[in-house]
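Beneath this line is the structure, given in structure tokens, with notes to follow.
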Amino acid sequence: MTETVSVFGITDILLWGMLFLSMLGILHPIRVQDGLLEALSWGIFWFAYRLGVQISSNETEKQHLVQYIQWLAIVVALIGWLPYVIRVAGRLSSVFGYPNATAAFLGAVLLLRPHSKLVQIILGVSLLGTGSRAGVGLFLVVFTGQQILLGIPSVYEWRQRFQKKGLKGLWPILLVLASTIFLLLYNRPVWDNFASIGFSSSSWQERLVYYKDGITLAWNAGGLPQAGGWMAFPTVQRFPYWTADPHSGFIHILLNQGILGVLSVGIWIIYSLAQAWKYWSKSRPELEETRSQVQAWGALLFLGLHSLVDADFSFAALGFLFWLLFGMIQKREERIRHSIFVHKLAANLSGKGMLVLSITLCLGSGNVLLNPTLLEREQSWNKQANQWREQDPVKSNVLWDRSLNWDQTQVGTRRDQASHLLRRGNLETGLKAVEEVIDWQPFDPETYEWAQAIVWDTAEVQRHTYPEKASMLYRWVESVPQKIEDRVALLTPTDRLLWRGYKDFQPSQHIQLLAEYARQR
């Protein structure tokens with residue numbers, strides 16, 4: 001009920017804009033394929049939104065869809081408890097493979113308030129079983145807000161309910177207590193995870209590092225959209241960690257759609273909340289329509305807030321659920337007061353026509369991504385570069401550049417190019433390429449050994465013909481141990497707490513020996 005939906009509303013503009021910015025990020029990529037996937041994701045989200053809008057005019061269809069979502073949540077919850085389903089540190093992950101994503105899904109469905117108490121208990125206990133501190137905490141906050149908006153029952157009302165139902169009214173409470181005790185005994189790691197709650201825990205500290213690194217990457221990119229922007233995190237990390245997602249929807253958009261994407265989402269959120277408040281201020285809490293709106297908005301708010309501290313919308317099911325629900329709570333425009341031409345255009349594009357257009361967009365984007373030539377383009381360029389290595393070194397270098405522009409995360413390709421440049425006598429460019437390899441693998445001892453060895457070999461070749469250039473290369477070889485020590489020296493106390501193995505990150509005997517030989521040269 002947040003906006004009057006005509007042919008093309010502010011939400012459509014937002015989703016199309018994010019799709020366009022995703023494609024724009026391909027012009028400034030870390031990995032082009034990620035930009036195409038981003039565009040496809042926003043196309044699917046638009047399809048989900050238009051599907052929700054299509055359903056919004058039919059109350060029966062909306063009720064059925066909510067029931068299907070609840071049944072799906074029950075299946076997801078029960079699968080998580082099966083004995084042969086893999087759990088992450090004892091925490092329920094079910095079909096998502098990630099406990100926090102499972103918690104986001106179950107919490108959102110719980111906030112839709114299933115009518116069956118048994119369903120509520122199953123989903124509630126399973127939500128606890130995920131061990132997601134942010135998921136449980138945000139659920140309680142949003143649930144409390146829902147109760148305040150809908151009106152918390154008074155003591156008299158609770159007494160009336162108890163007198164009417166007698167002891168039968170206590171069975172849900174007893175079942176919750178029994179289930180919680182069972183969970184405590186059956187799945188102890190979950191409670192251990194809850195016990196470590198707080199901003200001093202390593203989980204929160206690591207996330208703060210991800211956010212800081214994400215902002216640094218966005219700053220380095222000038223706030224422009226960058227396809228696969230997060231995949232450059234090795235170049236800015238202060239200690240070794242591996243994550244395919246920055247664990248924040250804000251950072252994800254900042255990197256992939258840039259500052260313009262963040263501003264667009266911010267404006268859309270303010271507008272949507274303002275429209276929702278305008279509607280609620282004129283509604284009566286006891287009306288069923290108002291209660292449904294509050295429940296749906298509770299699920300949307302929970303998913304949105306949880307995505308700020310986790311990788312929610314990197315899971316397509318959660319993003320699809322969000323935009324489907326948002327589309328379902330829209331109000332269709334009864335009359336379109338425009339010219340005859342606009343009226344006919346609206347009639348042709350609204351409803352099913354817009355839904356067909358969104359499906360076509362998704363299928364078109366997916367067809368592009370399923371093209372083997374497109375997916376393996378960098379591999380074909382690398383193959384050609386290796387074939388032309390001896391016959392046409394310049395062409396090989398151009399092909400490697402093209403491949404790296406397509407996917408900058410290819411460390412193997414960077415190594416091949418650096419070796420090629422040094423052997424062809426392009427010493428300054430080759431050294432720069434070697435240092436870029438180290439930037440992409442800054443905490444891999446084998447990378448330092450490889451870099452030092454290849455520069456040493458080049459120096460040995462240049463020693464008799466170009467002694468000055470050889471001296472420059474020997475000095476670089478000699479500096480490798482110091483490069484490693486400098487990495488450790490920059491660590492803060494928090495970094496050292498999160499990376500317990502920093503003491504073992506030292507120059508190997510091979511590196512020290514080669515550095516000493518280089519000093520003597």
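This is a predicted model, so every value here is computed, not measured. Side chains are part of it too, since the values below use all heavy atoms of this structure and drop only hydrogens, waters and symmetry mates.
In the model, Glu38 has a side-chain atom that pairs as donor or acceptor with a side-chain atom of Gln257 under 3.5 Å. A donor and an acceptor atom, one from each side chain of Ser403 and Gln410, are located under 3.5 Å apart. A donor-acceptor pair shorter than 3.5 Å cannot be found between the side chains of Trp440 and Gln408. With no hydrogens or angles considered, no side-chain donor-acceptor pair links Asn405 and Arg402 at under 3.5 Å. With 3.5 Å as the limit, one finds no donor-acceptor pair spanning the side chains of Thr243 and Asp245.
Put simply, the side chain of Asn256 gets close to the backbone of Gly228: a donor and an acceptor are under 3.5 Å apart. Using modelled atom types, one side-chain atom of Ser380 and one backbone atom of Arg377 make a donor-acceptor pair closer than 3.5 Å. Thr492 places a side-chain N or O within 3.5 Å of a backbone atom of Asp495 that can act as its donor or acceptor partner. For Tyr211 (side chain) and His247 (main-chain N/O), a donor-acceptor pair under 3.5 Å exists by modelled atom type. Remark: side-chain polar atoms of Tyr448 are paired, donor with acceptor, to backbone N or O of Pro442 under 3.5 angstrom. Side chain of Gln226 to main chain of Leu255: no donor-acceptor pair is present (N/O by atom type, distance under 3.5 Å, no hydrogens or angles). A distance-only check finds no donor-acceptor pair linking the side chain of Ser94 to the backbone of Ile79 [under 3.5 Å]. Checked by atom type and distance alone, the side chain of Ser126 never pairs as donor or acceptor with a backbone atom of Gly129 at under 3.5 Å. In this structure, His420 contributes its side chain and Pro393 its backbone to a donor-acceptor pair below 3.5 Å. No donor-acceptor pair closer than 3.5 Å links the side chain of Thr447 to the backbone N or O of Phe443.
Taking the six-membered ring where the residue is Trp, Phe45 and Trp42 present perpendicular rings, their angle passing 60° and hence far from 30°. Between Phe505 and Trp499, the ring-plane angle classifies as tilted under the 30° and 60° cut-offs. Note: Phe139 and Phe302 have perpendicular aromatic rings, judged against thresholds of 30 and 60 degrees for the angle between ring planes. Under the 30°/60° scheme for interplanar angles, the aromatic rings of Trp406 and Trp381 are found to stand perpendicular. Aromatic ring pairs are classed by plane angle as parallel below 30°, tilted from 30° to 60° and perpendicular above 60°; the pair Tyr210 and Tyr241 is tilted.
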> side chain to side chain contact (heavy atoms under 4.5 Å, CB included) between Asp312 and Phe322: does it pass, once the steps are laid out?
Replying inline: CA-CA 10 Å; Asp312 285 11; Phe322 179 92; over 6 Å; no
> Between Asp486 and Gln482, does a side chain to side chain contact (heavy atoms under 4.5 Å, CB included) hold up when you go through it step by step?
Replying inline: CA-CA 6 Å; Asp486 288 344; Gln482 188 63 44; 2.8 Å; yes
>> With side chain to side chain contact (heavy atoms under 4.5 Å, CB included) as the criterion, how do Trp400 and Asn382 come out once you've worked through the C-alpha distance, each side chain's angles and the decisive distance to 0.1 Å?
In response: CA-CA 6 Å; Trp400 274 316; Asn382 292 335; 3.7 Å; yes
>> Is there a salt bridge (Lys or Arg N to Asp or Glu O under 4.0 Å) between Arg423 and Asp457? Walk through the geometry before answering.
In response: CA-CA 9 Å; Arg423 287 169 182 166; Asp457 290 342; over 6 Å; no
>> Run the ring pair (Phe, Tyr, Trp, His ring centres under 6.0 Å) test on Phe233 and Trp230 for me, step by step, so that the C-alpha distance in whole Å, both residues' side-chain angles and the decisive distance to 0.1 Å come before the verdict.
In response: CA-CA 6 Å; Phe233 71 87; Trp230 175 249; 5.3 Å; yes
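By the 4.0 Å N-to-carboxylate-O rule, Glu478 lies too far from Arg521 to be salt-bridged with it. For the pair Asp213 and Arg238, the salt-bridge criterion is not met [side-chain N within less than 4.0 Å of a carboxylate O]. A salt bridge is defined here as a Lys NZ or Arg NE, NH1 or NH2 lying under 4.0 Å from an Asp or Glu carboxylate O, and Glu516 with Arg519 meets this definition. Under a 4.0 Å N-O distance rule, the pair Asp12/Arg50 qualifies as a salt bridge.
Heavy-atom neighbours of Met23 CE from other residues, nucleotides or ligands within 6.0 Å: at or below the threshold of 12. Crowding of Lys212 atom NZ: a count of heavy atoms from other residues, nucleotides or ligands under 6.0 Å exceeding 12.
Taking OH of Tyr98 as the start and CG of Leu92 as the end, the distance is 15.0 Å to the nearest 0.5 Å.
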